[in-house]
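Heads up, the thing below is written out as structure tokens.
This is a predicted model, so every value here is computed, not measured.
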Amino acid sequence: MKIQYDKQADALYIHIGNGQVRKTLKAGKNALIDLGDKGRVIGVEFYNISKSVPEGKLKNVSVELPVGV
């Protein structure tokens, strides 16, 4: 799993799995879910994230953990 924050886009993306995005679903007001083959979740994006997280908490967000296949 990998978590990244893009300040310019004001988006937080959580990479959950590997593969090519086949479909993107809207999940709530400011969230998108990327699906790959067989409907597996590849990632979740939260946009306009600075409106939901206190200022200063998103300066440097980057976490990497092994992704199971």
Side-chain angles (χ1 to χ4, degrees):
M1 177 170 51
K2 182 177 181 180
I3 301 171
Q4 295 178 297
Y5 171 61
D6 182 334
K7 184 176 182 175
Q8 188 173 11
D10 193 22
L12 181 83
Y13 194 84
I14 303 171
H15 300 266
I16 297 172
N18 294 318
Q20 185 175 0
V21 175
R22 301 288 184 195
K23 186 175 185 179
T24 300
L25 304 174
K26 186 164 174 103
K29 185 177 178 183
N30 296 319
L32 301 171
I33 299 173
D34 290 334
L35 303 175
D37 293 329
K38 299 181 183 177
R40 290 185 181 184
V41 177
I42 291 179
V44 180
E45 179 177 7
F46 299 94
Y47 52 96
N48 296 323
I49 192 72
S50 64
K51 294 179 182 178
S52 303
V53 177
E55 187 176 338
K57 295 290 184 182
L58 293 171
K59 285 183 181 179
N60 294 311
V61 175
S62 184
V63 176
E64 290 190 48
L65 301 170
V67 176
V69 180

Taking all non-hydrogen atoms of both residues into account, name the closest pair between [X] and [Y] and its distance.
X: Ile14; Y: Met1; answer: CG2-SD, 3.7 Å
X: Arg22; Y: Gly36; answer: CG-C, 3.7 Å
X: Lys26; Y: Lys29; answer: NZ-O, 3.5 Å

Close side-chain approach of [X] to [Y], heavy-atom, < 4.5 Å:
X: Gln4; Y: Asp6; value: no
X: Tyr5; Y: Asp10; value: yes
X: Asn30; Y: Ile49; value: no

Kindly work out whether a path of hydrophobic side-chain contacts (I/L/V/M/F/W/Y, heavy atoms less than 4.5 Å apart) joins [X] to [Y].
X: Leu25; Y: Phe46; answer: yes
X: Leu12; Y: Val44; answer: yes
X: Leu32; Y: Ile42; answer: no

Candidate list Asp34, Ile33, Leu35, test side chain to side chain contact (heavy atoms under 4.5 Å, CB included), partner Val21, passing option: Asp34

